[in-house]
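Data block below; observations after.
Below, read A as the first sequence line, B as the second, and so on, with proteins coming before strands; counting in each chain starts at 1.
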2 protein chains.
Amino acid sequence: MKKFINDPKNFVPEMLKGLALANPDSLRYDPEYNLIARADAPSDEKVTIIQGSGSGHEPAHVMVVGPGMLDASCPGDVFAAPPVEYVYETVKQYASKKGVLLIVNNYTGDKMAFEMASELAAAEGIEARTLFVDDDVSVEDSLYTIGRRGVAGNFFVIKAVGAAAERGASLEEIVRIGEAVNAVTRSMGVALTACTPPAKGSPLFELGADEIEMGVGIHGEPGRHREKITSADEITDQMLGAVVGDLPFSTGDRVALMVNGLGGTPISELYLLYGIAHEWLAERGITVARSYVGEYCTSLDMAGASFTLVRLDQEIEGLLEAPASIPIRTF
Amino acid sequence: MKKFINDPKNFVPEMLKGLALANPDSLRYDPEYNLIARADAPSDEKVTIIQGSGSGHEPAHVMVVGPGMLDASCPGDVFAAPPVEYVYETVKQYASKKGVLLIVNNYTGDKMAFEMASELAAAEGIEARTLFVDDDVSVEDSLYTIGRRGVAGNFFVIKAVGAAAERGASLEEIVRIGEAVNAVTRSMGVALTACTPPAKGSPLFELGADEIEMGVGIHGEPGRHREKITSADEITDQMLGAVVGDLPFSTGDRVALMVNGLGGTPISELYLLYGIAHEWLAERGITVARSYVGEYCTSLDMAGASFTLVRLDQEIEGLLEAPASIPIRTF
């Protein structure tokens with residue numbers, strides 16, 4: 001294994017410490033609960049938005065804490081749900097009088113941790129609601145999931161409810177918006193290589209030198225099938241075919257298109273995929289109104305990519321356009 | 001080779017097409033000359049800022065075209081300098097009455113192309129100046145360079161002169177600023193893996209399963225030495241020791257610190273390195289006033305990272321703080 005790490009046990013806390021040191025004015029870090037929060041949270045003027053999950057998917061979710069996005073994030077260890085008490089402590093510390101929304105990608109461990117934390121919080125009079133994201137069309141049920149997995153589409157749910165929360169929307173309204181975005185969001189990923197978890201020290205699964213895993217999960221869960229590596233055109237055709245056919249998206253739709261890198265794929269290849277996908281959709285009368293190219297939800301160092309489509313209406317488009325800021329600085 | 005590509009010959013144009021399709025309002029793309037430019041350039045109110053280089057270093061430089069950064073970029077093929085006529089055409093199309101600054105990373109091929117283009121432009125009455133970036137402390141002279149190589153430090157030169165140009169500074173003033181930033185900027189990189197150029201189809205150099213190349217160049221040029229992979233603490237100590245000792249940076253300095261990913265390294269590892277580096281500098285009385293963590297200047301899919309330090313004074317800090325925007329959207 002070749003990684004920039006010290007003791008694998010400290011991978012997550014050392015990453016979080018670095019994130020906090022890089023953003024002393026905007027983030028607060030509580031090492032006791034792996035907690036990363038907006039320095040100015042909570043505010044009783046807005047619903048608190050929280051998401052946690054296993055680590056290894058950065059920038060999701062610890063690096064999307066900021067105005068218009070998450071108020072707090074409580075990650076677990078690599079690919080492991082956060083302990084219930086971490087989630088509960090995060091909810092308790094950052095609860096607002098307007099309530100708390102807990103966004104959860106659909107994995108059994110995460111679901112259990114967030115639902116229990118939410119019940120514990122309710123017992124203390126904190127109004128907390130959970131919202132599940134399950135945008136991955138590739139398989140029904142999976143290694144760690146009953147139903148569909150939640151993957152990069154969670155970005156759009158966070159962005160939309162984050163914007164609504166900044167505008168002062170009620171918890172009920174925010175749950176409605178989050179569910180509406182999840183309902184029109186579909187994703188699918190492909191792995192060119194396996195990822196290597198720090199504590200394991202070797203690839204999580206075996207993939208032949210010329211093989212790809214179509215429909216891979218973000219923890220290396222099996223997808224639909226394996227095949228020989230083929231052209232970017234053919235990979236795009238197969239993946240977008242699955243994504244578009246699922247909702248289905250159709251002629252006349254306006255969409256947001258995300259090309260998400262899984263961690264080890266350079267941005268040059270992501271833009272190449274974007275160009276192919278944009279034209280593939282245009283040929284079918286689907287207009288890309290908003291584009292997102294880069295890393296949003298990764299799987300450690302996995303080479304690969306996913307496509308996400310969101311069907312836009314006026315409300316969702318307005319929420320995606322709203323200003324937001326996160327600690328990842330490009331300038 | 002496992003990459004998202006079609007014909008390797010079309011790697012660069014297909015990437016540029018994707019970039020342009022994702023940014024129809026802000027970018028203009030001219031396929032004839034690999035040219036990516038601000039849709040609203042040129043303006044006679046500001047000096048035109050241009051940088052080109054071989055491709056494969058994205059987001060440098062085609063993805064940092066925008067207000068407060070580059071007005072235009074003319075990339076060559078992967079790891080190949082742009083042809084003189086591409087550079088010349090870019091200068092001619094985007095020349096401003098206030099003049100043109102050509103930023104060039106110090107590689108012999110790029111230097112020749114930009115100097116010749118600048119002379120051709122001068123013959124047509126265009127005032128164009130070239131500015132060389134050579135921030136890499138690892139070696140003197142290299143495979144493609146006489147003197148020191150230019151690497152991720154070019155970001156800070158672009159950012160500073162881009163801000164000065166927006167404020168209406170003269171060409172002479174902008175050259176002075178660019179040289180001042182380059183003079184206080186130092187970098188060093190390390191490779192955990194080799195990169196694979198699309199046209200070659202196999203790794204550019206061989207690196208043992210437990211080996212790293214300390215001081216690697218962004219085209220895989222040899223660095224100072226190879227060694228066994230060691231801890232993130234030890235790698236950081238060795239690299240920052242070299243960078244800090246070179247200027248040298250010293251107690252009381254305020255700096256910008258960049259941890260740059262080389263293409264295949266996930267952002268989690270970059271933040272882990274950032275935390276170590278921040279504390280390493282603090283222990284020596286060097287204050288990180290501005291932090292930059294992510295991919296700025298890559299080497300295709302190479303796993304690895306580089307550190308860049310810039311010694312700040314009031315002028316440089318002000319220019320780095322100035323607003324800017326680029327097509328890479330995170331929201």
side-chain contact (heavy atoms from CB on, under 4.5 Å), that's the test. Do A:D210 and B:K2 meet it? Break it down for me. CA-CA 7 Å; A:D210 58 353; B:K2 290 205 270 191; 5.8 Å; no

Please report the closest heavy-atom contact between [X] and [Y], naming both atoms and the distance.
X      : Y      : answer
B:P327 : A:Y271 : O-OH, 4.0 Å
B:A232 : A:N6   : N-OD1, 3.2 Å
B:Y274 : A:L21  : CE2-C, 3.8 Å
A:L300 : B:P266 : O-CB, 3.5 Å

Residue [X] versus chain A: region with a heavy atom under 4.5 Å:
X      : answer
B:S55  : neither
B:S268 : both
B:L262 : neither
B:A209 : backbone

Option in A:E211, A:M302, A:E234, A:M1 with maximal non-hydrogen atom pairs under 4.5 Å from chain B: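 Option with the greatest count: A:E211.
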
Relative to chain B, which segment of [X] carries a heavy atom at a distance below 4.5 Å: side chain, backbone, both, or neither?
X      : result
A:M63  : side chain
A:L270 : neither
A:A277 : neither
A:L192 : both
A:L19  : both

Has the side chain of A:S291 got a donor or acceptor atom that lies under 3.5 Å from a matching backbone atom of B:A22?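 It does hold such a pair.
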
Go through it in stages, so that I can follow the logic: the residues are A:F4 and B:V190, the test is side-chain contact (heavy atoms from CB on, under 4.5 Å), and I'd like the CA-CA distance, side-chain angles, deciding distance and then a yes or no. CA-CA 11 Å; A:F4 295 112; B:V190 61; 3.8 Å; yes

Using the test side-chain hydrogen bond (donor to acceptor under 3.5 Å, both in side chains), find all partners of A:T308 that sit at least two apart in sequence or belong to another chain.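 Counting only residues at least two positions away or on another chain, A:T308 forms a side-chain hydrogen bond (donor to acceptor under 3.5 Å, both in side chains) with A:S187.
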
Going by the salt bridge (charged side-chain N to carboxylate O under 4.0 Å, His left out) test, which pairs reach into residues 53-67 of chain A, not counting sequence neighbours? none

Among the listed options B:D301, B:I229, B:I5, the residue most often paired with chain A at heavy-atom distances under 4.5 Å: B:I5

Chain B neighbours within residues 10-18 of chain A, where any heavy atom lies under 4.5 Å away: A:F11, A:E14, A:M15, A:K17, A:G18

Listed once per pair and sorted, the side chain to side chain donor-acceptor pair (under 3.5 Å) pairs that draw on residues 190-200 of chain B, sequence neighbours left out: B:K200-B:S202

